[in-house]
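Structure first, commentary second.
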Amino acid sequence: MLVQLTYASQATQTLGPMDVKDILQKSQRNNAAVGVTGALCLANGIFLQQLEGDRDVVNRVYLRILNDSRHSVPSILDFGEIASRRFSNWNMGLISSLAENRQIFLKYSRKSEFDPYSMSPSSLRGFFDEIVQGGVRWIG
Ligand SMILES: Cc1cc2nc3c(=O)[nH]c(=O)nc-3n(C[C@H](O)[C@H](O)[C@H](O)COP(=O)(O)O)c2cc1C
């Protein structure tokens with residue numbers, strides 16, 4: 001069964017650009033091997049990630065990610081069956097948090113600061129849909 005899982009977590013204070021690069025490289029390699037796709041966003045010190053794939057596999061990958069000391073305070077924001085993948089071209093795409101993306105972040109957020117913890121599942125879906133439609137610059 002194909003599912004998507006969306007969660008937020010707080011980046012640890014010590015996180016640097018090399019950590020983000022390492023996370024992305026490992027994610028792309030590991031996810032490609034098990035058929036997981038998705039996107040990762042880091043803004044305002046908060047990670048927002050959507051994982052897509054087989055239910056058992058997505059659970060396994062998520063549990064491994066939870067053990068990573070580069071983030072804490074994880075919270076599952078949305079989980080459910082999907083008919084098709086959103087990020088079929090991305091084993092793990094990084095959504096740039098450059099100033100030009102701020103508008104899209106804020107469009108779906110109740111707060112002036114990007115705060116995925118407070119976003120509803122439907123806002124999150126709108127946010128990720130817009131990213132896929134090309135409104136956001138991608139890295140990786
Ligand atoms: C916010 C965040 C997102 C991550 N996303 C993934 C992911 O999608 N897939 C993955 O394999 N590892 C991901 N990781 C890295 C894992 O926690 C772990 O370091 C990695 O899977 C270990 O890979 P290795 O056993 O090949 O060294 C993520 C880590 C963080 C902090």
Side-chain angles (χ1 to χ4, degrees):
M1 183 175 113
L2 197 59
V3 300
Q4 65 82 25
L5 185 154
T6 308
Y7 76 90
S9 62
Q10 280 175 23
T12 50
Q13 294 290 322
T14 51
L15 197 88
M18 287 312 288
D19 289 301
V20 176
K21 200 174 166 210
D22 177 75
I23 289 168
L24 211 65
Q25 280 175 351
K26 282 190 173 147
S27 301
Q28 286 167 351
R29 189 193 59 214
N30 293 342
N31 295 355
V34 294
V36 165
T37 49
L40 177 68
C41 169
L42 175 60
N44 198 25
I46 300 172
F47 283 114
L48 172 64
Q49 187 173 31
Q50 184 162 96
L51 299 163
E52 306 170 321
D54 176 73
R55 180 172 57 188
D56 292 343
V57 176
V58 166
N59 269 284
R60 225 176 301 136
V61 170
Y62 179 61
L63 289 178
R64 190 171 68 237
I65 295 171
L66 284 185
N67 286 325
D68 198 313
S69 59
R70 290 171 289 196
H71 63 165
S72 60
V73 203
S75 180
I76 294 177
L77 307 174
D78 192 18
F79 177 85
E81 185 178 4
I82 47 173
S84 64
R85 293 172 192 258
R86 235 187 218 112
F87 296 102
S88 47
N89 293 330
W90 301 92
N91 284 115
M92 192 46 62
L94 181 70
I95 303 164
S96 154
S97 61
L98 298 172
E100 70 230 48
N101 297 330
R102 192 176 155 73
Q103 254 185 314
I104 297 172
F105 292 154
L106 291 181
K107 184 171 166 186
Y108 294 98
S109 182
R110 283 193 296 122
K111 303 187 175 175
S112 59
E113 297 262 275
F114 180 63
D115 178 18
Y117 287 101
S118 67
M119 286 165 76
S120 69
S122 61
S123 293
L124 287 163
R125 283 176 213 145
F127 172 72
F128 283 114
D129 279 344
E130 192 146 338
I131 285 162
V132 161
Q133 283 155 22
V136 168
R137 250 183 59 187
W138 290 85
I139 303 172

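Both ligands and their constituent atoms are indexed starting at 1 by order of listing.
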Numbering the atoms of ligand 1 from 1, which are under 4.0 Å from a heavy atom of Leu51? 8 (O)
Within ligand 1, which atoms have a heavy atom of Met92 less than 4.0 Å away? 8 (O)
When you check the side-chain N and O atoms of Gln4 and Thr6, is any donor under 3.5 Å from an acceptor? yes
Numbered in order shown, the ligand 1 atoms found under 4.0 Å of a heavy atom of Arg70 are 19 (O)
For the pair Tyr7 and His71, name the ring-plane relationship: parallel under 30°, tilted 30 to 60°, perpendicular over 60°. perpendicular
Ligand-residue contact atoms, ligand 1 with Lys26, heavy atoms, under 4.0 Å: 22 (C), 23 (O), 27 (O)
The closest protein heavy-atom partner of atom 15 (C) of ligand 1 is Asp68 OD2, 3.6 Å
Residue-ligand contact Tyr62/ligand 1, heavy atom below 4.0 Å: no
Asp129/Arg125 salt bridge by N-O under 4.0 Å criterion: no
Per-atom filter on ligand 1: closer than 4.0 angstrom to a heavy atom of Asn31 are 7 (C), 8 (O), 9 (N), 10 (C), 11 (O)
Side-chain H-bond candidate by donor/acceptor type, Gln50 with Arg86, under 3.5 Å: yes
Charged N to carboxylate O below 4.0 Å: is that the case for Glu81 and Arg55? no
Look at atom 21 (O) of ligand 1 and say which protein heavy atom is nearest, naming residue and atom and giving the distance to 0.1 Å. Arg64 NE, 3.0 Å
Determine whether the side chains of Arg70 and Thr12 contain a donor N or O and an acceptor N or O closer than 3.5 Å. no
Starting from atom 26 (O) of ligand 1, find the nearest protein heavy-atom neighbour and note its residue, name and distance. Arg29 NH2, 2.6 Å
Glu52 side-chain N/O to Phe87 backbone N/O, donor-acceptor pair under 3.5 Å: yes
Within a distance under 4.0 Å of any heavy atom of Gln49, pick out the atoms of ligand 1 and give their elements. 3 (C), 4 (C), 5 (N), 6 (C), 7 (C), 8 (O)
Is there a donor-acceptor pair closer than 3.5 Å between any side-chain N or O of Asp19 and the backbone N or O of Gly16? yes
A student checking ligand 1 against Tyr7 at a 4.0 Å heavy-atom cut-off should list atoms 1 (C), 2 (C), 3 (C)
Among all the protein's non-hydrogen atoms, which is closest to atom 28 (C) of ligand 1, and how far away is it? Ile23 CG2, 3.7 Å
Return the residue, atom name and 0.1 Å-rounded distance of the protein heavy atom closest to atom 25 (O) of ligand 1. Asn30 ND2, 4.5 Å
Can you give me the closest heavy-atom contact between Val58 and Gly53, atom names plus distance? CG2-N, 3.5 Å
Give the residue, atom name and distance (to 0.1 Å) of the protein heavy atom nearest atom 7 (C) of ligand 1. Ser27 OG, 3.2 Å
